[in-house]
Amino acid sequence: MAAPNRFPSDQLPKNFSPTEHFQDQVKRLVNPEVARYFRDVGDESWTPGQAGDLSKSPRASIRLACSHLEPDTIDLTIGRLILFYLVTRRDELVNPPIYGLPIPGFQQSVKFLPQISLFFRESRQDLEPGQTPITGEVSFRLKSGESLSESALEAIGRRIKSEFPPRAESHWQKGRDCMAYRDLERNPPIQLKILCGSKAAGRDMVEAIFRVLGEAPDWSKAHFSQNEQEGTAYPVVPGSDTVLGRSRKLPRRRPMARVKLQYAVAHVWPVPVPIPIYDTTGRFGAALVRG
């Protein structure tokens, strides 16, 4: 039996057009997101005429192609939505290969304290053609999950948003140096390994994590290290090697990049899926806090 129509036509406004209504929502909701993503081109008042020759400004040209305009047909509106999705979400279209275990099997054998994981990624604006965005992750644990509530996770998400504001150009200067923080006497113990471009950048990240926790770091637990020959140990262009009869590019070790927080999740035993507590990407519909 077909589901009943929840919005009978006689209850809609006179001369109501579903197509026009849909396009109005795209203009109201998506156009600001397009402007935000291409804010390096101009603010929300930007017009294509300000870009001059669009062929000489690729990002201005793509911004125009993604922006809904009043004369658009419904097919063109949908095409703009698809293009914007491909431009902004193509990293998520195909899940990258990972080494790991299925969560249910892992939780059957291991009981763990709640863990908060923050995921960072390099902005596409900083990439050269053909480059893959540099990513980063920082994790820390909370006390027993038995007393943890959704409101407490939401509060952590809000502190994360405060420490890593979504409009900032970057949040973490990744690099070849290492700021390690290890305190096994803390409850629960904490171990951080921050690859950074400088000692100051490493300290900034450690301090930000502790502000999220509502604490202050004990710098006697920190250790900063540098390689004596960084250029040799961590070459910018690592070269290639022959593997299985083919020349293959070697992975970059400790690449240098400015990365920005994308989202944060909580792993809570025995919840079978990560809980998104903060999201700037739109990837998680049920995120407790949005950027």
Side-chain angles (χ1 to χ4, degrees), residues 29 32-33 36 88-89 91-92 95-96 98-121 135-168 170-172 179-194 202-219 221-222 259-291:
L29 298 174
E33 291 296 319
R36 177 180 171 185
T88 59
R89 302 286 188 267
D91 286 339
E92 287 80 33
N95 292 325
I98 62 171
Y99 294 111
L101 296 171
I103 290 177
F106 180 79
Q107 291 191 348
Q108 289 171 12
S109 57
V110 179
K111 183 176 182 179
F112 52 86
L113 293 174
Q115 182 186 55
I116 305 297
S117 296
L118 286 70
F119 295 89
F120 299 78
R121 188 179 63 186
T135 60
E137 179 183 349
V138 177
S139 298
F140 54 88
R141 294 196 181 274
L142 307 176
K143 295 181 180 180
S144 173
E146 295 177 0
S147 59
L148 192 63
S149 64
E150 185 173 296
S151 60
L153 290 178
E154 182 177 345
I156 293 173
R158 295 193 183 283
R159 291 201 294 271
I160 290 173
K161 181 177 181 178
S162 176
E163 286 300 321
F164 303 99
R167 292 188 178 275
S170 67
H171 297 134
W172 176 8
M179 176 65 76
Y181 189 98
R182 186 169 184 261
D183 185 357
L184 301 183
E185 297 177 358
R186 179 182 177 274
N187 181 25
I190 185 169
Q191 297 187 73
L192 302 174
K193 183 180 179 181
I194 309 297
R203 287 180 64 98
D204 287 346
M205 275 298 292
V206 171
E207 289 175 341
I209 295 302
F210 271 89
R211 282 194 293 268
V212 170
L213 287 166
E215 303 174 21
D218 176 359
W219 290 109
K221 309 293 185 181
V259 296
K260 188 172 179 179
L261 182 65
Q262 303 298 300
Y263 60 91
V265 300
H267 301 276
V268 181
W269 188 91
V271 180
V273 294
I275 302 168
I277 61 174
Y278 176 60
D279 180 34
T280 69
T281 67
R283 178 178 179 179
F284 300 98
L288 301 181
V289 180
R290 299 185 183 279

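We use all heavy atoms of the structure for the numbers below, so side chains are in, but hydrogens, waters and symmetry mates are not.
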- Item | Reported NZ-to-CG distance for the pair Lys221 and Leu184, which is rounded to 0.5 angstrom | 8.5 Å

- Does Gln262 offer a backbone N or O that forms a donor-acceptor pair with the side chain of Thr280 under 3.5 Å? yes

- Task: Can you measure from CG (Leu142) to CG (Leu113) and round to the nearest 0.5 angstrom?
- Result: 8.5 Å

- Query: With a cut-off of 6.0 Å (strictly less than), are more than 12 heavy atoms of other residues, nucleotides or ligands near CD of Glu207?
  - Reply: yes

- Judged by atom type as modelled, is there a donor-acceptor pair below 3.5 Å linking the side chain of Tyr278 to the main-chain atoms of Leu261? no

- Message: Quick one: does any side-chain atom of Asp279 pair with a main-chain N or O of Arg283 as donor and acceptor, under 3.5 Å?
- Response: yes

- So Phe120 and Val138, side-chain contact (heavy atoms from CB on, under 4.5 Å) or not? Walk me through it. CA-CA 8 Å; Phe120 299 78; Val138 177; 4.3 Å; yes

- Could you note down all residue pairs passing salt bridge (Lys or Arg N to Asp or Glu O under 4.0 Å) where residues 179-193 supplies at least one of them, sequence neighbours left out? Arg186-Glu215

- Return the set of residues passing side chain to side chain contact (heavy atoms under 4.5 Å, CB included) with Glu137 (not counting sequence neighbours), or none when no residue passes. Ser117, Phe119, Ser139

- Working to the nearest 0.5 Å, report the span between OG1 of Thr281 and CZ of Arg290. 9.0 Å

- Task: Identify whether the distance between the nearest side-chain nitrogen and carboxylate oxygen of Arg159 and Glu163 falls below 4.0 Å.
- Result: no

- In Å, rounded to the nearest 0.5 Å, how long is the span from CZ of Phe164 to CG of Leu118? 6.0 Å

